[in-house]
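Presented below is the structure to which this report refers.
Quick caveat: nothing in here was measured; it's all calculated off a predicted structure. Ligands are counted one by one from 1 in listed order, and the atoms in each one are counted from 1 as well.
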Amino acid sequence: MIRIAVVVVSLLIGALPARAQDRIGVVASFSILGDFVRNVGGDRVAVATLVGPSGDAHVYTPSPRDAKQVADARLLVVNGLGLEGWLPRLVQSSGGKATIVTATKGIKTLDADDGDSHDHGKAAGKHDHGDEHTDPHAWQSVLNAKIYVANIRDALIAADPAGEAVYRANAEAYLGKLDALDREVRDQAAKIPAASRKVISSHDAFGYFADAYGIAFIAPQGVSTESEVSARDVARIITQIRTSKIPAVFLENISDPRLIQRIAAETGAKIGGTLYSDSLTAENGDAPTYIDMVRHNIRTLTSALAH
Ligand SMILES: [Zn+2]
C-alpha cells in the first residue's frame, strides 16, 4: 500500500514539471505578437511577452527578468522594421540561443514618409536611415496580420515538428477569424463619408490601416514615439485641421493625451475616443486581444465620423 502511494506521488511529481518543460518556450517582443503566438501555439507553447499591456514597444527598458526569459526561450518573435531598437542589446546580453522569428517577413512595407504627415524636410536629399525610413506598424492592416500569423505558424512547426497538425489547425481557424475581421473593418469604413476620412492621432501608427482601409491619419509625432514633437509640428497639424476641416482627433493608449487635448481645444475638433495602436490592454480593458483591438478602433472611428 505504502509502495503504491510512493509510486503515485512520484509519478505526479514527475509528470507536472515534465509537461511544463515540454512546452515550447516562446518570447514575444510585445503584446500583439504574444496574442498571435497564443492563438497559433495553443497549449503546446508557453508564451511570455516583453512589452506588456499598454506598454510602448518603441521605447522600452528591458528588465533582468526579460533577459532571463530571452535566455530560456526556444523562439523569440519580433516585429522588426526598426520597432524594437532596444532588442539587439537584450538578445546579446541574454546569451540565449533562441531562434529569432521576424513576424513581418514578406510584408510589403510602407515608407515612414508616406502620406501627408512628414512631407516637410523630404527635399533634403537621400539619407541612409535604414529602418528609420520604414513604418514598423504593419499589424494595423488585418491582411498583414495574416502574414504575421503564417510566419509564426511556420516557425513553430520548424521548432516543434511533432505539433505540426495542431499549429496548422490553430492557424487555419485564426486566419479565418482574421478574414472575417478584415471584412468587418471594410464594411464599417464604408459607412464613413469621403469628406470625413481624415483624422488626427498622436503618432504615425496607422499608415498601414490608412493604406488598407482608406482613412487618412495625420500625426504630430513621427512613426516612433522616440521623436520629439516640435512647436512647428503642432502648428502644422492645427493648420491642417482648419484647412482640411478635419472633424475629429483621437487619443492613443500608449501616448500622453495632453498634446491631442491641446490640439482639440485650439481647433474645436472633437476628441473621437482612444485608439489602440501599438499595444493591447489588460484582460479587463477595451482591447485584450488583437481582434478586440481592431474592432474597437474601427468602431471608435465610425461612431465619431459616420453621420
Ligand atoms: Zn508606434
Side-chain angles (χ1 to χ4, degrees), residues 28-36 49-62 77-88 90 102-104 107-118 129-142 144-145 147-148 185 199-213 215-230 233-234 237 249-260 263 272-281 285-287 289-290 292-294 296-298 300-301:
S29 62
F30 71 115
S31 54
I32 293 168
L33 298 183
D35 184 44
F36 292 154
T49 294
L50 299 177
V51 184
S54 300
D56 183 345
H58 296 283
V59 285
Y60 180 68
T61 307
V77 181
V78 306
N79 186 79
L81 308 180
L83 179 70
E84 309 102 330
W86 42 271
L87 199 75
L90 173 65
T102 303
T104 52
I107 278 173
K108 188 176 168 290
T109 58
L110 294 178
D111 197 278
D113 285 343
D114 276 356
D116 301 342
S117 49
H118 285 270
H129 281 312
D131 276 346
E132 281 173 44
H133 236 43
T134 303
D135 181 348
H137 306 89
W139 63 85
Q140 285 292 351
S141 148
V142 178
N144 282 346
I147 299 175
Y148 280 70
V185 176
V199 301
I200 306 290
S201 66
S202 305
H203 85 292
D204 268 328
F206 294 95
Y208 292 87
F209 185 94
D211 190 55
Y213 305 114
I215 299 167
F217 281 76
I218 304 165
Q221 197 172 27
V223 292
S224 173
T225 54
E226 264 177 307
S227 64
E228 293 284 325
V229 179
S230 69
D233 291 328
V234 176
I237 293 288
V249 299
F250 293 86
L251 308 171
E252 277 173 36
N253 65 322
I254 63 157
S255 299
D256 186 334
R258 284 174 297 185
L259 176 62
I260 289 293
I263 290 171
T274 298
L275 300 177
Y276 295 88
S277 54
D278 298 16
S279 168
L280 304 177
T281 63
D286 287 328
T289 70
Y290 173 78
D292 291 330
M293 175 188 89
V294 173
H296 169 90
N297 286 348
I298 189 60
T300 301
L301 288 164

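- A donor-acceptor pair under 3.5 Å is absent between the side-chain atoms of Glu252 and the main chain of Ser277, judged by distance alone.
- Taking the six-membered ring where tryptophan is involved, the planes of Trp139 and Tyr148 are perpendicular, since the angle between them exceeds 60° and thus also 30°.
- With waters neither drawn nor counted, the protein N/O/S atoms under 2.8 Å from the Zn ion (ligand 1) amount to 4.
- Side chain of Asp135 to backbone of Leu110: no donor-acceptor contact under 3.5 angstrom is found.
- Between the side chains of Asp286 and Tyr276, at least one donor-acceptor pair of N or O atoms lies under 3.5 Å.
- With hydrogens and angles ignored, the 3.5 Å screen pairs no side-chain donor or acceptor of Thr49 with any backbone N or O of Ser31.
- No donor-acceptor contact under 3.5 angstrom links the side chains of Asn297 and Thr300, judged on distance only.
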